[in-house]
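Here's the structure we're looking at; comments come further down.
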Amino acid sequence: MRIKNLMLKNFRNYAAEQFEFSEGLNILTGRNAQGKTNCAEAVFYLCTGTSPRARRDKQMIKYGEEQAEISALCAGRYGDISLSAAIRENGREIKVNGNKITRNADLLGNLYAVFFSPQELRLIQDGPDERRRFLNISLSQLSRPYYTALTRYNRILEQRNNLLKNKDLELVFDTLPVWDEQLCAYAATVARRRADYIADLAPLAAEAHAFLTDGREKLEISPEKKYKGSENELEARLYDELKNNYDRDIRLGFTASGPHRDDIDIKIDGEDAKTYASQGQTRTAALAIKLAEVEIFKSASGEYPVLILDDVLSELDLMRRKKLVARTEGLQTILTCTHAERVFAGRQTTRIRIEGGAIKR
């Protein structure tokens with residue numbers, strides 16, 4: 001699975017540009033703030049329908065313009081696929097093979113991508129929201145049923161939280177069981193699939209981390225232990241947990257238990273990574289998790305995803321740079337950096353220099 005070409009029009013700082021990518025290592029070079037990351041962002045947006053940087057799609061429209069356009073021709077095991085997105089102030093229009101889609105679920109799975117940037121350190125350093133975000137993006141690409149269950153879970157959760165704020169307590173107690181029955185069905189699917197995903201991810205991440213560190217450090221990843229058992233068992237357990245905590249949730253005004261409160265345990269040499277890891281350890285651990293994600297995509301789909309590495313080399317020592325570049329062998333990689341590095345010597349690459357939102361030819 002790879003992206004052949006990418007067209008940007010009025011996207012971020014690009015007026016109009018077209019990129020041609022090779023099957024292997026594609027290096028986007030240039031000074032800071034020239035548009036390298038914007039190109040990487042556009043590729044990921046076509047894969048997932050979400051930006052790794054922008055909270056709102058309209059933030060990606062070039063200043064002074066009314067619409068941004070992204071389009072790409074991609075190659076997969078079943079042939080070529082065209083993807084396009086027109087982003088406007090009041091919405092967007094996404095097409096797959098020229099056909100307009102109305103659900104983001106129909107975009108997912110056409111082109112897989114794994115994205116790493118310095119912001120991904122939040123996966124280790126920040127709170128549970130970031131780790132859930134990682135799981136949701138990765139699993140949604142792999143599984144439309146997961147994406148559907150997550151979407152419906154969040155919608156019902158919002159309704160439940162609104163109900164908890166109602167001053168009519170009789171109405172609240174009468175209505176909560178109705179919402180909870182629906183909520184727990186989707187919650188069980190989300191929790192079970194997350195637990196299975198982490199079980200697959202953990203050994204792959206440990207192996208990638210050992211490779212990057214020459215075996216000097218040990219990475220351990222595990223889900224919260226409360227989510228064990230089948231989906232039916234999880235559903236019953238979650239329902240009882242919600243039912244037994246009505247008073248607490250009403251007092252708080254929100255639902256205080258469920259998959260939206262989950263976390264992942266990440267340890268380096270037995271110590272909590274969030275609390276004790278250095279900046280270098282944090283970066284290596286986050287990168288190992290992303291490399292493990294690549295292998296999960298390969299196992300699930302039969303094809304490697306596009307690996308997007310944005311400004312990843314600048315904070316790694318020479319040994320880990322070489323290790324990382326070696327790890328990209330055999331898959332399409334889009335890598336951004338300020339200048340061509342020595343670690344690329346002897347490796348066949350496609351190099352694209354960007355200046356001011358344009359390819360320097």
Side-chain angles (χ1 to χ4, degrees), residues 48-50 54-58 90-92 101-108 122-123 126-199 222-265 274:
T48 63
T50 60
R55 290 187 177 272
R56 298 179 180 86
D57 284 0
K58 65 180 183 180
N90 60 349
R92 68 183 188 181
I101 63 172
T102 57
R103 303 182 309 158
N104 200 63
D106 294 328
L107 175 65
L108 299 170
R122 296 177 305 186
L123 174 61
D126 286 6
D129 282 354
E130 286 300 322
R131 290 177 280 282
R132 289 193 296 269
R133 174 180 170 272
F134 161 72
L135 290 174
N136 289 338
I137 291 175
S138 189
L139 272 164
S140 292
Q141 287 193 76
L142 288 170
S143 170
R144 291 186 186 182
Y146 177 86
Y147 177 80
T148 300
L150 178 67
T151 301
R152 292 176 180 172
Y153 175 82
N154 287 333
R155 191 179 300 133
I156 296 169
L157 178 65
E158 183 179 4
Q159 296 292 332
R160 188 182 195 271
N161 287 341
N162 289 336
L163 177 64
L164 290 169
K165 296 179 179 68
N166 196 299
K167 300 302 182 183
D168 185 345
L169 293 183
E170 184 177 351
L171 173 67
V172 173
F173 278 103
D174 286 345
T175 313
L176 276 174
V178 178
W179 286 118
D180 290 355
E181 187 174 341
Q182 300 176 61
L183 187 72
C184 291
Y186 296 121
T189 298
V190 170
R192 180 69 265 158
R193 296 204 177 210
R194 282 180 182 172
D196 291 343
Y197 181 90
I198 296 169
S222 59
E224 292 191 344
K225 296 178 181 178
K226 61 184 178 182
Y227 292 126
K228 288 186 177 181
S230 67
E231 284 193 23
N232 288 338
E233 291 170 332
L234 284 172
E235 184 177 347
R237 199 178 311 148
L238 287 163
Y239 186 86
D240 288 341
E241 185 175 359
L242 290 175
K243 184 178 179 180
N244 293 332
N245 287 286
Y246 280 175
D247 290 338
R248 177 202 63 186
D249 288 354
I250 291 169
R251 185 178 69 255
L252 294 172
F254 62 85
T255 307
S257 57
H260 64 288
R261 309 283 289 182
D262 287 355
D263 200 359
I264 307 172
D265 289 329
K274 178 182 176 182

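Proximity of a side-chain donor or acceptor of R152 to a complementary backbone N or O of Q182 within less than 3.5 Å is not detected. Of the possible donor and acceptor atoms, one in the side chain of R131 sits under 3.5 Å from a partner among the backbone N and O of D126. Remark: side-chain polar atoms of N161 are paired, donor with acceptor, to backbone N or O of T255 under 3.5 angstrom. Using modelled atom types, one side-chain atom of T175 and one backbone atom of L171 make a donor-acceptor pair closer than 3.5 Å.
Atom CG of residue L107 and atom OG of residue S140 lie 11.5 Å apart, to the nearest 0.5 angstrom. Distance check, rounded to the nearest 0.5 Å: OG of S230 to CD of E235 gives 9.5 Å. To the nearest 0.5 angstrom, L176 atom CG is 5.5 Å from L164 atom CG. Atom CD1 of I137 and atom CG of L142 lie 12.5 Å apart (nearest 0.5 Å). Rounding to the nearest 0.5 Å places CD of E181 at 12.5 Å from CG of L242. Atom-to-atom distance recorded for S138:OG and R194:CZ is 12.0 Å, nearest 0.5 angstrom.
When all heavy atoms are compared, the tightest approach of T189 to A149 is CG2-CB, 3.8 Å. Residues A187 and P259 share a closest heavy-atom pair of O-CG, 3.6 Å. Taking both residues in full, the closest heavy atoms of L238 and G258 are given as CD2-CA, 4.4 Å, listed atom of the first, atom of the second, then distance. Heavy atoms only, all atoms of each residue included: S257 and R248 are closest at OG-NH2, 3.3 Å.
With N136 as the fixed residue, the side chain to side chain contact (heavy atoms under 4.5 Å, CB included) test singles out one of T151, L150, T50, N154: L150. Screening K165, R160, R261 for a salt bridge (charged side-chain N to carboxylate O under 4.0 Å, His left out) involving D249 leaves a single residue, R160.
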*Under the side-chain contact (heavy atoms from CB on, under 4.5 Å) rule, what do I264 and L123 come out as? Steps first, then yes or no, please.*
CA-CA 10 Å; I264 307 172; L123 174 61; 5.7 Å; no
*Test log, rule side-chain contact (heavy atoms from CB on, under 4.5 Å), inputs D180 and Y246*: CA-CA 11 Å; D180 290 355; Y246 280 175; 3.1 Å; yes
*Just do the side-chain contact (heavy atoms from CB on, under 4.5 Å) check on D106 and R144 with the steps written out, would you?*
CA-CA 8 Å; D106 294 328; R144 291 186 186 182; 3.8 Å; yes
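Ring pair Y153/H260 is tilted by interplanar angle, where 30° to 60° counts as tilted.
R155 and E158 are not joined by a salt bridge, as no carboxylate oxygen comes within less than 4.0 angstrom of a charged side-chain nitrogen. Under a 4.0 Å N-O distance rule, the pair D196/R192 qualifies as a salt bridge.
Put simply, the side chain of N104 reaches to within 4.5 Å of the side chain of R92, judged on heavy atoms. Put simply, the side chain of Y197 does not reach to within 4.5 Å of the side chain of P223, judged on heavy atoms.
A donor atom on one side chain and an acceptor atom on the other are not found under 3.5 Å apart for T48 and Q141.
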